[in-house]
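Right, one structure below, let's go through it.
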Amino acid sequence: MEAVSTRLSQLFVRTLREDPVDAEVASHKLLVRAGYIRRQAPGIFAWLPLGLKVRRKIEGIIREELEAFGAQEVHFPALLPREPYELTGRWTEYGDALFRLKDRKDADYLLAPTHEEVFTLLVKDLYSSYKDLPLSIYQIQDKYRDEARPRAGLLRGREFSMKDSYSFDYTDEGLDASYQAHRDAYERIFQRLGLEYAIVKADAGAMGGSKSEEFLHPTPIGEDTFVRSAGGYAANVEAFRTLPPAPLPIDGLPTAIVHDSPNTPTIQTLVDLSNAQFPREDRPWEAGDTLKNVVLALTHLDGSRELVIVGIPGDRDVDMKRAEVAFAPAEVEAATEADFAKHPGLVKGYIGPGFAEAPVLGETSATGIRYFLDPRVVDGTSWVTGANQHEKHVYGLVAGRDFVADGVVEIADVRAGDEAPDGSGPVELARGMEIGHVFQLGRKYAEALGLKVLDENGKLVTVTMGSYGIGVTRIMAVIAETNNDGKGLIWPKNVAPFDVHVIAAGREEVVFATAEALVDSLEESGFDVLFDDRPKVSPGVKFGDAELLGVPLIVIVGRDAAEGRVELWNRATGERSSVGLDEVGAALLAQ
RNA sequence: CGGGGCGUAGCUCAGCUUGGUAGAGCGCUCGGUUUGGGACCGAGAGGUCGCAGGUUCAAAUCCUGUCGCCCCGACCA
């Protein structure tokens with residue numbers, strides 16, 4: 001590409017001395033202050049020349065890595081008709097987050113939040129043979145989601161730029177290969193962008209796919225909590241699977257005993273009472289010895305409401321997000337007083353599974369309420385739990401002997417120190433910002449929209465798909481978030497709006513003449529140059545603006561200009577060095 | 001949707017308690033001095049005080065309603 005130089009006196013920008021009042025995070029403050037973006041509406045931004053330059057650099061890197069494995073770029077409109085989204089059910093499923101509008105004939109349209117439907121239909125339109133596959137196509141395009149709460153500038157907007165790819169295969173092995181190609185490309189993209197990332201297993205639930213991973217950038221302002229082990233395991237909290245302990249032998253365990261347990265409405269009071277009145281010899285009772293039976297109300301897709309009970313170790317709390325995943329697609333909430341009123345068999349505060357000969361919980365029990373267990377409650381474990389009578393608990397109730405469940409679900413919270421399911425050691429919790437997502441969609445969309453091809457045997461087979469996203473504008477914010485100091489932005493070289501920022505510092509004729517000549521020669525050598533040529537602006541202001549704008553390399557043409565020397569200033573390190581005019585190009589390349 | 005906060009000049013804010021002709025700093029324009037860390041002097045331009053209604057001789061200020069925005073939480077392929 002032809003190198004360009006831009007004069008700051010002509011550039012459409014105005015830097016702000018103070019932080020905008022509506023900005024909270026560093027990237028938002030700095031991108032607005034430095035004149036890269038301007039707010040138009042909540043979560044919606046206008047892009048100024050500097051902002052567009054950075055955005056295009058990021059897009060360029062993404063394009064190179066996708067084209068490198070054969071993905072091809074297309075472009076769809078953001079404004080789409082309702083029908084395709086009606087066919088897949090997403091017109092309603094997407095809910096309030098979908099921007100809907102009507103045309104003059106009262107027909108429904110939407111501003112697309114993502115494009116699975118129309119990509120699928122376009123492939124259906126053009127292709128009908130297995131010979132045409134595999135295919136990976138992508139676009140870089142603005143997406144629209146009416147977020148309940150846009151925040152943090154570019155990090156969560158209602159309009160944002162996303163690179164979305166879709167792969168089309170006719171075999172599961174093909175899908176695996178396409179998925180891997182995207183995953184590899186994403187790793188290269190984030191490495192080139194200098195972004196730290198963790199690839200975490202994500203919950204695939206709602207989209208109906210089989211395999212899904214998120215690229216999370218670890219940062220305290222991240223919106224997602226994830227877990228990772230020193231041994232390399234990483235997963236979303238929602239996708240974390242507990243490593244179940246081995247079952248224990250049941251033979252020889254003492255029979256369960258019911259004790260009076262007055263005034264024990266909470267786990268802690270129960271533990272205290274147990275240690276005071278029924279101490280055991282080897283060790284004190286702990287919360288983890290108790291089995292807490294949590295009553296949840298599910299609302300199924302058909303609108304029906306069902307109570308379920310989950311037994312979890314008493315030292316754990318319920319993580320409602322994990323519960324949502326466990327019972328998807330049903331909605332989950334805590335049971336209400338009204339729910340309890342409909343089930344007089346439940347003694348609130350003293351609920352337990354009952355005994356083998358008289359089960360209280362479970363599909364085939366007296367109550368008929370489905371009963372699930374945490375994976376830690378394996379056969380042979382012994383518990384203190386409710387005896388289904390007011391102020392009575394049962395001690396030594398053994399899983400697999402005294403009670404069984406209708407299934408195992410994960411609704412308990414994940415904690416630092418829990419063992420990773422792959423045996424790679426204890427996990428720690430970290431915050432992350434999702435910067436990429438790879439997803440095996442499977443045949444859901446192809447099925448709904450009728451995308452089939454003829455295979456080698458002349459038989460129609462449904463295509464299997466993947467979808468892959470990278471948030472372009474979010475990445476720009478994440479880079480800004482990671483690369484700044486108290487004075488302004490510090491862009492990595494490969495996404496900086498310019499290669500060099502030349503400052504004419506001083507008022508003498510020779511300073512400006514020297515700077516002009518230097519800018520010309522740098523441009524000729526292939527550098528994109530931003531030239532601060534403002535005649536009546538003091539050096540301090542120019543230095544401050546240079547730091548704010550964040551071009552990584554700065555050349556100061558000033559007091560030594562007459563002697564043919566200028567200063568090279570590294571924005572990131574703050575180092576300055578004096579170089580001769582004829583060495584500037586080489587010195588810049590050496591930085 | 002729940003909680004908190006805020007709407008006054010392009011930006012950041014004061015003024016409101018106790019009603020009386022709209023303010024500051026930065027930015028912008030003109031003239032002059034200055035020029036290696038956000039200079040200075042002088043003269044200017046720029047505001048339906050979010051909107052509507054009410055109280056009052058008089059409302060940025062008091063009352064009612066309404067709209068919008070920001071932050072925290074819930075939510076987020």
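Numbers restart at 1 for each chain; the letters A, B, ... are given by sequence-line order, proteins then strands. Computed from a prediction, not measured in an experiment: that's the story for all the values here. Below, all heavy atoms of this structure are taken into account, side chains as well, without hydrogens, waters or symmetry copies.
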Before we go on, tell me: are the rings of [X] and [Y] under 6.0 Å apart, centre to centre?
X	Y	value
A/Phe190	A/Phe215	yes
A/His28	A/Phe45	yes
A/Phe498	A/Trp491	no
A/His115	A/Tyr166	no
A/Phe119	A/Phe76	yes

Residue matched to [N] through Watson-Crick or wobble contacts both under 3.5 angstrom:
N	value
B/C49	none
B/G73	B/C1
B/G68	B/C6
B/U35	none
B/C28	B/G44
B/A60	none

Treating primed atoms plus P, OP1 and OP2 as sugar-phosphate and everything else as base, which nucleotides of nucleotides 22-35 of chain B get B, S or - for protein heavy atoms under 4.0 Å?
---BSS-------B
Separation of the [atom1] atoms in [N] and [M], to the nearest angstrom:
N	M	atom1	answer
B/A9	B/G44	C1'	15 Å
B/G10	B/G46	C1'	9 Å
B/G50	B/A22	P	14 Å
B/C1	B/G23	P	41 Å
B/A52	B/C75	P	39 Å
B/C51	B/A60	P	11 Å
B/G47	B/G7	C1'	14 Å
B/U8	B/G42	C1'	28 Å

Rounded to whole angstrom units, what separation is found between the [atom1] atom of [X] and the [atom2] atom of [N]?
X	N	atom1	atom2	value
A/Glu147	B/G73	CD	C1'	15 Å
A/Arg39	B/C71	CZ	C1'	14 Å
A/Lys29	B/U12	NZ	P	13 Å
A/Asp146	B/C75	CG	P	18 Å
A/Arg322	B/C75	CZ	P	15 Å
A/Glu24	B/C6	CD	P	15 Å
A/Arg38	B/G10	CZ	P	12 Å
A/Asp22	B/C11	CG	C1'	11 Å

More than 12 heavy atoms of other residues, nucleotides or ligands under 6.0 Å from NZ of A/Lys536: is that the case?
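No, the 6.0 Å shell around NZ holds no more than 12 heavy atoms from other groups.
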Closer than 3.5 angstrom, by distance alone: can the side chain of A/Tyr468 be matched with the main-chain N or O of A/Tyr138 as a donor-acceptor pair?
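Not a single qualifying donor-acceptor pair exists.
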Nearest-0.5 Å distance that lies between atom CE in A/Met476 and atom CD in A/Glu481
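The CE atom of A/Met476 sits 12.5 Å away from the CD atom of A/Glu481.
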Base, sugar-phosphate, or nothing for A/Glu117, non-hydrogen atoms under 4.0 angstrom?
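Nothing, no heavy atom under 4.0 Å.
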Measure from NZ or CZ of A/Arg100 to the centre of the six-membered ring of A/Trp91 and say whether it is under 6.0 Å with the direction within 45° of the ring axis.
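Flagged: A/Arg100 positioned over aromatic ring of A/Trp91.
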Looking at B/A39, B/C76, B/C69, which one has an atom nearest to any side-chain atom of A/Val541?
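Looking only at heavy atoms from C-beta outward on A/Val541, the closest nucleotide is B/A39.
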Judged by each residue's nearest nucleotide on RNA chain B, which is more toward the 5′ side, A/Val21 or A/Asp545?
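Its nucleotide being nearer the 5' end, the pick is A/Val21.
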Of A/Arg33 and A/Pro42, whose nearest nucleotide on RNA chain B comes first from the 5' end?
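Result: A/Arg33.
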